[in-house]
Amino acid sequence: MNASKILQQLMKQASGSRSSGNSSGNSGNGIDVKGVIDGLSRQLGGGSSSANQGSRQGGGSSGFDMKSLLGGGAMGLLVGSKRGRSMGGKALKYGAIAGVGMLAWKAWQSSQEGKNGADASSAAQHASEGERVEALSGEYQERRSLELLQAMIMAARADGHIDEQEQALITEQIDALGADQEMHRWVEQQLNAPLDAQALAREADSPQAAREMYLISVAVTDEQNPMERAWLDQLASALNLSPDMAAELERQAQQAD
């Protein structure tokens with residue numbers, strides 16, 4: 001399985017989308033919706049009839065609303081919706097996805113500021129907290145990548161917006177990023193697995209992994225959506241994140257862009 005390769009490609013996609021959004025000169029979230037639609041249509045082979053139909057219908061039951069996609073490729077499909085999902089008027093948090101490891105680490109460092117003896121015990125604390133995803137290699141990077149991909153997919157499914165057509169498109173897009181057959185099957189399983197915050201949290205291999213899993217979940221959800229807010233709360237509890245730590249991770253995600 002090549003989970004680390006897929007995660008790195010998604011992070012690059014997020015970083016590129018973030019740069020495009022920041023340089024577009026648009027007001028608000030800075031996302032060039034037309035460019036996103038055109039780019040995704042090209043990635044889907046010039047625009048499939050089902051995708052075009054969904055776009056024309058503007059969120060009808062037979063297709064998803066292309067105009068609701070807030071990013072290109074697999075990243076955009078994970079947050080698209082046939083119901084015209086608005087993300088509460090906020091753009092997908094591209095910067096949080098691109099810098100998930102460092103931002104989660106910064107959140108922990110922020111939580112340590114002012115604590116007695118923090119400097120004296122920093123080396124021991126760092127060792128027990130775990131490494132950032134970008135600092136890992138080999139099987140350790142592969143495992144963390146799977147954890148983060150699983151967290152991202154579960155968060156994207158939290159409001160139940162991904163139907164069978166969108167599942168097929170997401171799998172196709174991830175395949176296009178270079179997924180091997182084992183990775184392909186794993187993605188299909190994750191798109192259909194029960195949403196279980198406790199089971200997801202058990203995959204975390206360290207406190208740093210738990211923070212990264214929560215932060216990347218925040219990055220693909222709309223905290224103004226009640227179902228997604230409920231999922232984030234369940235996940236924070238399952239990951240044993242304190243309310244202060246969860247709030248700091250959300251702050252880091254919001255400020256990343």
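For the numbers below, each heavy atom of this structure counts, side chains included, while hydrogens, waters and symmetry mates do not.
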- Item | Pair Gln109, Glu113: side-chain N/O donor-acceptor within cut-off below 3.5 Å | no
- Check Leu136 against Glu131 and note the closest heavy-atom contact, atom names and distance. CD2-CB, 3.5 Å
- With a 4.0 Å cut-off, would you call Glu129 and Arg211 a salt bridge? yes
- Message: I'd like to know if Glu248 and Arg251 make a salt bridge, using a cut-off of under 4.0 Å between side-chain N and carboxylate O.
- Response: yes
- Task: Taking atom types as modelled, find out whether Thr171 and Glu188 have a side-chain donor-acceptor pair closer than 3.5 angstrom.
- Result: no
- Looking only at heavy atoms, what is the nearest atom pair of Glu228 and Asp222, with distance? OE1-N, 2.6 Å
- Item | Point-to-point distance, once rounded to the nearest 0.5 Å, from CD of Gln190 to CD of Gln150 | 4.5 Å
- Note on the structure: Here the gap from Leu239 atom CG to Gln198 atom CD, rounded to the nearest 0.5 Å, amounts to 9.0 Å
- Query: Below 4.0 angstrom, N of the basic side chain to O of the carboxylate: do Glu139 and Arg143 qualify?
  - Reply: no
- Task: Could you pull out the closest heavy-atom pair between Leu249 and Ala104, with the gap in Å?
- Result: CD2-CA, 3.9 Å
- Query: How many angstroms lie between CD1 in Ile170 and CG in Asp175, if you round to the nearest 0.5 Å?
  - Reply: 12.0 Å
- Task: Return the minimal non-hydrogen interatomic distance between Asp205 and Arg144, and the atom names on each side.
- Result: OD1-NH2, 3.1 Å
